[in-house]
Every structure is written in structure tokens, then in C-alpha cells.
Amino acid sequence: MMSIQERLHDSRWSDALYLTEKYKQFVQRYTAQVPNVPNVDKPVEQTDSGRMQQWLDKFFQDQEQLSNRFQAESMNVDTVQAMFNDAGFMYDFAEMTWHQELRRTFLENEHLEIEYFIEGDTDEIPFFEFSKPFLQRSIQIMTDGLNEGYDWLDKRRVTGLVLKTVSDKVFHMSAKTLIYELNKARLQDELRGEDSRQRYQYFVSQNIQSREQILALLLEYPVLARGLVEHTLRISLNMMRVLERLTRDRRELESFLVSSWISWRISYFSGIHIMVEPVYCG
């Protein structure tokens, strides 16, 4: 069985790159080899990959409309065709932010206790095991972010709210894929158990119980993997931004109230002094 490190270096992660990201790498690497060529039209021997035909099908065979769509994204249709046909071109994914986040998600945080932040029986949450690496990553982000200056907050409760949001997002993004994998295993007679619950638990134990299993599954769905880590990061960081602003506003309000209180005290005692002074002067 491949290790997590080996799976993270699998070239299939490049399938999660957007077309514009692949195009940029393709053009940069080819023009670096042939610097005097202003446009990349046919950099390699052409072999029909069928990819362009799939795009044409989406645009109802309207080549002009498809060409205009590529141009709107600053891409040349001939270069895109050449890119599709170069099956041996190796795209770099390791430096992409989402892949770095994927590595953090599956190489770190495994010791963090999710149950400390989530109330209730997690055994009743469908495919909860699948969401664990993403929840643990969110815990790390929130723990690091709330390290200083947030003592006035109930950190456990705030982190729990974030985990609830992340858990819901992971479930909604992955549910169809996991149900498909469960049904596929059922149709292939790979499940064991006397009833549906036992067969479900068997599926979990064989496919999404450990990080190695989850990453192996996600390697078959790299676009899903990218979406999951990006949304987990975005949800956690958005909450931190809200808390930063709330903390800043709280400090400004406290400073204003203290300043106002001091001013009121000075005015109040000054007024008393003015009223009392004539008595002593008399």
C-alpha cells in the first residue's frame, strides 16, 4: 500500500488544475525552450486526444463561439488544441496553494481531538470519518489564529461553530461521490454484513476509516479534493477575519467608553467644585 507521501506526489493531482492554469504552464515551458516563437501553435507532434471535440460538443459545434470563449480567458484555441494533444506534458501541481493545503491536511493535525469541539454522537453523521482530516485542519487553523488576543472569547464554542460549517460543506460536496462508491461496492458484492448498517460500516472500514484510505479515494477525484481543502481553508480564514474585526471593534469601543467615563467624571467633579466653592468663600 502506498504511503501518504507517495500518494501526495502522484501525477494525477494535476487533473485538478484549471484549464487556464495548465495553459499558462504549457505556454511558459514551451516558450522558455523556444524563446523566439511569439505564439505557441504546434509545439509537438499532433495526436487527436478527443478533448477539443468534447469542448465543441458543449458549444453545439460552434467553433467560433468556442474560440471566442478561449480568447476571453486569454487563451489561443490552437495552443489549447496542442496542449490537449500533448499527453506526455507534465504539469506542476506541487507549488499550487491548494496542493500545499492538501499536504497540511493529510500530514499534520491527526492528534487533534474533534469530539472536544463537537457535541452529540458523531456516529450518527453519515460518512463522518471522511470529514475528519478537514475538521482537524480547521481546528489547527483556528487554534493558531486564536492563540493570542482572544481570551475574551469562548474559543471552544467558536471553533465548534466553524467545525459545524466545515462538516456541512464537506458532506454536501462529497455525498454524491461517497454514495456512488458505496453503491458500486454493493453492486460488485464487495460489502460484508448481515444488514445495511453492517454493510455500511464495512464500507467505511475499508474505504474511509484512515487518512491513507481517504487520500487514496480522493486521488480518484482530484477536483473534489481541491474543492474540499480550498473550502475548508476559506471557511476557517473567513471566521478569523470576522473575529479580528470584532476584537478590534471591541477594543475601540472599550477605549471610547473608558475615555467618555473619564471625561464625565472630570466634568462631574468640576461642577461640584464650582457649586461648593462659593460656600467656603462666603
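Remember, it's a predicted structure, so these values are computed and weren't measured experimentally. Atoms considered below: every heavy atom in the structure, side chains included; atoms not considered: hydrogens, waters and symmetry mates.
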Q | Test side-chain contact (heavy atoms from CB on, under 4.5 Å) applied to S3 and E212, step by step | A | CA-CA 7 Å; S3 67; E212 289 81 4; over 6 Å; no
Q: Run the numbers on V170 and F128 for side-chain contact (heavy atoms from CB on, under 4.5 Å), then give the verdict.
A: CA-CA 9 Å; V170 170; F128 180 75; over 6 Å; no
Q: Evaluate the side-chain contact (heavy atoms from CB on, under 4.5 Å) criterion for residues S167 and L163: first the C-alpha distance (whole Å), next the side-chain angles of each, then the deciding distance (0.1 Å), finally the verdict.
A: CA-CA 6 Å; S167 178; L163 296 191; 5.9 Å; no
Q) Can you check ring pair (Phe, Tyr, Trp, His ring centres under 6.0 Å) on F89 and Y91, steps first, answer last? A) CA-CA 6 Å; F89 190 87; Y91 295 97; 4.7 Å; yes
**Q.** Derivation and outcome, side-chain contact (heavy atoms from CB on, under 4.5 Å), residues E73 and L19
**A.** CA-CA 10 Å; E73 298 290 340; L19 181 61; over 6 Å; no
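Other cluster members for L237: I141, L233, joined by side-chain heavy-atom distances under 4.5 Å among Ile, Leu, Val, Met, Phe, Trp and Tyr.
Ionic pairing of D10 and R12 is present here: one or more N-O contacts between side-chain nitrogen and carboxylate oxygen are shorter than 4.0 angstrom. Ion pairing between a basic and an acidic side chain is recognised when a charged N comes within 4.0 Å of a carboxylate O; D168 and K164 show such pairing.
We find the CD1-OG1 distance between I114 and T122 to be 8.0 Å, quoted to the nearest 0.5 Å. Remark: T79 OG1 to F26 CZ distance equals 7.5 Å, nearest 0.5 Å. R186 CZ to Y202 OH: the interatomic distance, rounded to the nearest 0.5 Å, is 16.0 Å. Remark: R7 CZ to W13 CH2 distance equals 9.5 Å, nearest 0.5 Å. Atom CD1 of I208 sits about 9.0 Å away from atom CG of L182, to the nearest 0.5 Å. For the atom pair M173 CE and E230 CD, the distance stands at 8.5 Å (nearest 0.5 Å).
Between the side chain of Q25 and the main chain of D92, a donor-acceptor pair closer than 3.5 Å is present. Panel note: side chain W98, backbone A16; no donor-acceptor pair is recorded below 3.5 Å. A distance-only check finds a donor-acceptor pair linking the side chain of Q198 to the backbone of E194 [under 3.5 Å]. Between the side chain of H99 and the backbone N or O of E95 there is no donor-acceptor pair closer than 3.5 Å. For the pair T165 (side chain) and L161 (backbone), a donor-acceptor distance under 3.5 Å is present. Between the side chain of T105 and the backbone N or O of E101 there is at least one donor-acceptor pair closer than 3.5 Å. Side chain of R103 to main chain of A94: a donor-acceptor pair is present (N/O by atom type, distance under 3.5 Å, no hydrogens or angles). The main-chain N or O of A82 is never found under 3.5 Å from a side-chain atom of D86 such that the two would form a donor-acceptor pair.
Between the side chains of Y221 and E181, at least one donor-acceptor pair of N or O atoms lies under 3.5 Å. Side-chain contact, S138 with S236: a donor N or O sits under 3.5 Å from an acceptor N or O. Between the side chains of E108 and Q140, at least one donor N or O sits under 3.5 Å from an acceptor N or O. Judged purely by distance below 3.5 Å, without hydrogens or angles, the side chains of Q213 and N207 never pair a donor atom with an acceptor atom. No side-chain N or O of Q201 forms a donor-acceptor pair with one of R192 less than 3.5 Å apart.
Transitive grouping of hydrophobic side chains (ILVMFWY, heavy atoms separated by less than 4.5 Å) brings Y180 and F127 into a common cluster. Transitive grouping of hydrophobic side chains (ILVMFWY, heavy atoms separated by less than 4.5 Å) keeps V223 and L228 in distinct clusters. In the hydrophobic clustering of ILVMFWY residues, with side-chain heavy atoms under 4.5 Å counting as a link, V242 and V158 come out apart.
You'll find the side chain of L146 reaches within 4.5 Å of the side chain of T159, heavy atoms only. At a threshold of 4.5 Å between non-hydrogen side-chain atoms, the residues F171 and P126 count as touching. Counting heavy atoms from C-beta outward, L224 and T177 have side chains that approach closer than 4.5 Å. Inter-residue side-chain proximity for N76 and F70 is flagged as unmet; no heavy-atom pair is nearer than 4.5 Å. Taking the side chain as every heavy atom from C-beta outward, M83 and K22 approach each other to under 4.5 Å. Proximity of M240 to Y150: side-chain heavy atoms (C-beta onward) are separated by under 4.5 Å at one or more points. The shortest side-chain heavy-atom distance between Y18 and R226 falls under the 4.5 Å cut-off. Considering only heavy atoms from C-beta on, L246 comes within 4.5 Å of W152 through its side chain.
A cation-pi arrangement is not found for R156 relative to F117, the charged atom failing to lie both closer than 6.0 Å to the ring centre and inside a 45° cone about the ring normal.
Taking all atoms of both residues into account, the shortest heavy-atom contact from L8 to F93 is O-CE1, 3.7 Å. For G149 against T247, the heavy-atom pair with the smallest separation is O-CG2, 3.8 Å. Scanning both residues, A185 and F203, for their nearest heavy atoms gives CB-CD1, 4.3 Å.
Summarising the local packing, NZ of K169 is surrounded by 12 or fewer heavy atoms from other residues, nucleotides or ligands at distances under 6.0 Å. Other residues, nucleotides and ligands contribute over 12 non-hydrogen atoms within 6.0 Å of the CD atom of Q188.
Under the side chain to side chain donor-acceptor pair (under 3.5 Å) rule, Q136 has a single partner from H111, E113, R211, which is R211.
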